[in-house]
Each structure stands twice: as structure tokens, then as C-alpha cells.
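To start, the structure itself, in C-alpha cells.
First the proteins, then the strands, lettered A, B, ... as listed; each starts at 1.
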Number of protein chains: 2
Amino acid sequence: MTRRTGSRHAILAAAATEFARRGYAGANVDRIARAARLNKAMIYYHFRSKAALYREILKDMFDAVLARVRDVVASDAAPDAKVRAFIEAIAIEGEARPHFPAIWLREIAEGGEHVDAATLGYARDVLVALGRIIEEGRRKGRFHSANPMIVQAGIIAPLMFFLATAGVRRKLERAGAKGASTISQADLVRHIQRVTLAVLEGRLA
Amino acid sequence: MTRRTGSRHAILAAAATEFARRGYAGANVDRIARAARLNKAMIYYHFRSKAALYREILKDMFDAVLARVRDVVASDAAPDAKVRAFIEAIAIEGEARPHFPAIWLREIAEGGEHVDAATLGYARDVLVALGRIIEEGRRKGRFHSANPMIVQAGIIAPLMFFLATAGVRRKLERAGAKGASTISQADLVRHIQRVTLAVLEGRLA
DNA sequence: GTCTATAAATAGATAGAC
DNA sequence: GTCTATCTATTTATAGAC
């Protein structure tokens with residue numbers, strides 16, 4: 001646990017915003033520096049490169065999610081409570097970091113080629129955790145067996161989609177799409193919890 | 001309907017791939033030219049700028065989706081069939097254009113500031129179309145009233161997520177996440193149709 | 001319509017003073 | 001730790017020949 005300087009922290013915060021807004025390639029080191037009320041040289045003093053700075057932010061993001069998700073898996077709650085908690089864990093971390101959803105969506109879009117081993121490892125671990133919860137529920141006779149990938153797509157995708165579009169939804173509303181901005185995050189989380197459990201418990205008819 | 005030259009078409013195809021892979025900022029005009037077996041100058045002969053080329057691709061993408069979605073709304077099918085068809089329309093266009101999902105996800109991630117009026121208009125029109133289907137179902141006593149935004153998030157987000165990650169899922173499988181690549185697109189479409197209808201018909205609780 | 005330069009701007013990264 | 005100045009590479013965009 002090395003002592004964090006104020007400047008290092010300011011850079012990380014500014015960089016997260018910049019990467020979320022413009023993506024890795026579109027992010028500009030100079031703009032990050034100015035947003036952090038510093039200069040480019042300070043960024044290269046604290047971080048090896050633009051790429052290293054980006055990886056640092058990804059790591060912080062996914063570490064937080066994984067820690068929460070693993071606590072959920074390890075807890076002794078009932079399977080349905082674990083599913084609810086899994087969904088909430090992701091929503092909470094996504095809400096705590098305004099840049100989180102956009103960066104995650106971009107990483108997904110990156111798809112095939114570019115994703116590095118570390119990021120891939122995080123994605124796998126989150127998926128594996130969900131798989132364990134489902135499998136435990138199945139052993140206890142509460143859940144049908146289900147493909148974790150398909151269940152996860154119904155959780156993470158809508159959550160990130162929703163969180164990343166808070167700004168656009170307000171614009172949409174003004175452009176004539178009624179109801180685009182009237183849902184709260186809590187409403188969405190509850191909705192996803194209900195739907196996911198209905199799927200897992202085989203209550204869809 | 002102006003006559004399309006082969007080179008113009010080749011550029012559009014190469015550009016779609018490049019934008020999908022690297023995003024707008026990460027895309028490189030020279031690389032697009034080489035992929036199209038042409039040179040940069042030809043791109044600027046056919047298109048005003050990199051930005052104009054990108055907008056052209058977005059337009060083609062969203063026009064195709066909107067045309068299909070509007071046909072669905074205008075048809076005289078039953079509400080539940082319209083919902084199924086709406087979901088399929090998006091899946092079909094997403095499948096027909098391999099670059100489509102990644103670009104759409106990135107546009108979502110772009111979120112607040114950068115989205116131009118045209119793209120916003122498309123997003124609105126798709127949402128309005130879904131809203132009409134839901135409202136019709138409600139009038140006919142088949143659906144509960146529901147927020148189109150929340151329903152749409154459960155359709156488009158998982159679909160794009162799934163389609164955009166075909167490559168990653170294979171890698172995930174090798175990295176130890178069982179079942180990551182064993183779902184077919186048809187399976188997912190059916191799953192989303194079932195879930196969406198269960199939500200709209202109030203069969204969850 | 002297609003090409004080969006090349007201009008002009010942008011942006012990642014570093015040197016070196018304080 | 002922090003700054004200014006600068007190097008260097010990349011890249012959008014254009015000029016002009018064929």
C-alpha cells in the first residue's frame with residue numbers, strides 16, 4: 001500500500017472521465033493533464049504510458065466488482081438472495097464510478113482482438129462466480145440449470161446500457177420519447193432481479 | 001438512387017470493419033484505404049471527411065433497422081407477434097452486418113455529449129416504435145402498461161452484447177468459463193422473446 | 001476515377017530546469 | 001514533485017499528375 005500523492009489521484013480521476021467519454025484511442029493525454037490541473041509530464045512521471053494508465057483504471061474498476069461478487073458467492077445466503085445481491089453488486093459499483101459503464105461497454109465492443117489477458121480474466125471470473133451461484137441453486141433444487149452466459153447477458157448488458165445512457169435519455173425525452181428518463185436505477189435493478197429469478201426458477205411458462 | 005462505384009462500396013465495407021474494431025477515434029483512414037485495396041485519396045474523393053464517412057455508415061445501419069421495425073409496427077399481426085418480430089428484426093440486421101453490434105455499443109457508450117442529432121433521432125424512432133407496439137397491446141388488453149425504455153434495455157442490450165462478443169466468448173471458453181460459447185443466436189433470440197413477453201403479459205410475479 | 005507525394009495538425013513521450 | 005519546451009511519429013486532409 002504505497003502512499004498516494006494528490007496528483008496521482010487527480011490524474012486517475014481525470015483519466016477515468018476522459019477514457020469513458022472518448023474511448024482509449026480518442027482520449028488525449030494533454031486533456032487529462034489539464035483536467036487534473038497538471039501537465040502531461042506529471043502523467044508520465046506517475047505512469048509508464050497512456051496504455052499503462054488505462055490498464056490501471058480498468059484494474060481498479062474490475063477489482064471492485066470482483067471483490068463484491070466474490071463476497072456474494074462466499075456468503076451463506078439462499079440462492080435467490082445471492083442472485084439479487086450479484087445484480088446489486090454490479091449496479092452499486094457502476095453507480096459509484098460514473099465512468100464505469102461507458103468503459104465497460106467499450107471493452108465489450110472491443111470484442112475479439114484487442115482485449116488483453118487481464119481484462120479477459122476479469123470477465124471470466126465474474127462469469128464463473130455467477131455460474132457457481134446458479135449451480136448451487138440447482139443443487140439445492142431451487143433453480144433450473146441455465147447457461148451463465150445467457151443469464152449474465154440479461155443482467156450486465158441492460159445495467160450498463162441504462163447507466164451509460166443517463167445523459168442521452170434526458171435528450172431523448174426532449175426529442176419526443178416519453179418515459180425515457182422516468183425510470184430510476186433502483187426500479188431497473190428490481191426489474192432485472194425479478195426477471196432473472198423468473199428465468200432461473202423456471203417461472204416463464 | 002445514384003450509381004454506386006465499386007470503389008465507394010469497397011470503402012464503406014472496409015470502413016465499417018475498421019470503425020467496429022477500433023472505434024471512431026481509433027480508426028485509421030489509411031488502413032481503411034488499404035483494406036479496400038485503394039489509397040487514402042480515394043476516400044476523400046468519395047467522402048468529405050472521416051466523420052462524414054462514419055456518419056454514412058451509421059445511417060445505413062440505422063436505416064435498415066428502422067425500416068424493418070416500422071414494417072413490424074405497421075403490420076396487422078397480433079401484439080405478441082409484433083414483439084417477437086421487433087426482436088427478430090434487430091437480431092437479423094445485427095447478424096447481417098458483422099460490424100453493427102460493436103458500433104452500436106460504442107454509440108451507446110458515447111452517451112451524453114457526442115451523439116449527434118441524427119443518431120439521437122434514430123434511437124428515438126426505434127424506441128417510439130416499441131412504445132407503439134406496447135401501447136397497442138395494452139389497448140387490446142394483452143399487455144400491462146410498461147416503460148418502453150426498460151423493455152428496450154432488456155432487448156437491445158443483451159442482443160448487442162451477445163453479438164459483439166462472439167470472438168471474446170470463444171476466448172473465455174478457453175480461459176475456463178464453461179458454456180460461454182455454446183449458445184446460438186437463435187437460442188438467445190428465443191430467450192429474449194420469451195422473457196420480454198412474460199414481462200409485458202405480467203407473467204413474472 | 002485513380003494515383004503519388006506532401007502539407008498541416010495532432011498527440012504520445014522525453015529532456016532538463018527548478 | 002512539478003514545470004516548460006521540444007522531439008518524433010502518426011494521421012487527417014489536399015494538391016496535382018495521369
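- Nearest to the side chain of A:Asn39, among D:dT4, D:dG1, C:dT2, sits D:dT4.
- At least one test fails for B:Arg55 against the ring of B:Phe47: distance under 6.0 Å to the centre or angle within 45° of the axis.
- We find that CG of B:Leu53 is positioned 15 Å from C1' of D:dT11, with the value rounded to whole Å.
- Atom CE in A:Met42 sits roughly 7 Å away from atom P in D:dG1 (whole-Å rounding).
- Listed by chain and number, the residues in a salt bridge (Lys or Arg N to Asp or Glu O under 4.0 Å) with A:Arg22 are A:Glu18 (sequence neighbours excluded).
- Judged by a 6.0 Å distance limit and a 45° cone about the ring axis, A:Lys50 is positioned over the six-membered ring of A:Tyr24.
- Under 4.0 Å is where a charged nitrogen must lie from a carboxylate oxygen, and between B:Asp71 and B:Arg68 no such pair does.
- A salt bridge links A:Arg138 with A:Glu135; the closest basic N to acidic carboxylate O contact falls under 4.0 Å.
- Salt-bridge formation is detected for the pair A:Glu56/A:Arg8: a Lys NZ or Arg NE/NH1/NH2 atom is positioned less than 4.0 Å from an Asp or Glu carboxylate oxygen.
- In this structure, A:Arg169 satisfies the cation-pi test against A:Phe162, with its NZ or CZ atom closer than 6.0 Å to the six-membered ring centre and inside 45 degrees of the ring normal.
- Taking atom CZ of residue B:Phe47 and atom C1' of nucleotide D:dT12, one finds them 16 Å apart after rounding to whole Å.
- Atom CD1 in B:Ile11 sits roughly 14 Å away from atom P in D:dT12 (whole-Å rounding).
- A donor-acceptor pair under 3.5 Å is formed between the side chain of A:Lys82 and the backbone N or O of A:Ser75.
- If you check every strand for non-hydrogen atoms under 4.0 Å, B:Ile43 touches nothing.
- Taking the C1' atoms of five terminal pairs at each end of the helix from C:dG1-D:dC18 to C:dC18-D:dG1, the two resulting helix axes are inclined by 0°, rounded to 10°.
- Positionally, the nearest nucleotide of DNA chain C for B:Leu38 lies more toward the 5' end than for the other of A:Arg31 and B:Leu38.
- The aromatic rings of B:Phe100 and B:Phe62 sit perpendicular, their planes meeting at an angle over 60°, well past the 30° parallel limit.
- In this structure, the CD1 atom of A:Ile32 is 12 Å from the P atom of C:dA11, given to the nearest Å.
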>> Strictly under 4.0 angstrom, non-hydrogen atoms only: write out the protein contact profile of nucleotides 12-18 of chain C, one letter per nucleotide from the 5' end, B, S or -.
In response: BBBB---
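- For B:Arg8 and C:dT2, the CZ to C1' distance is 17 Å, given to the nearest whole Å.
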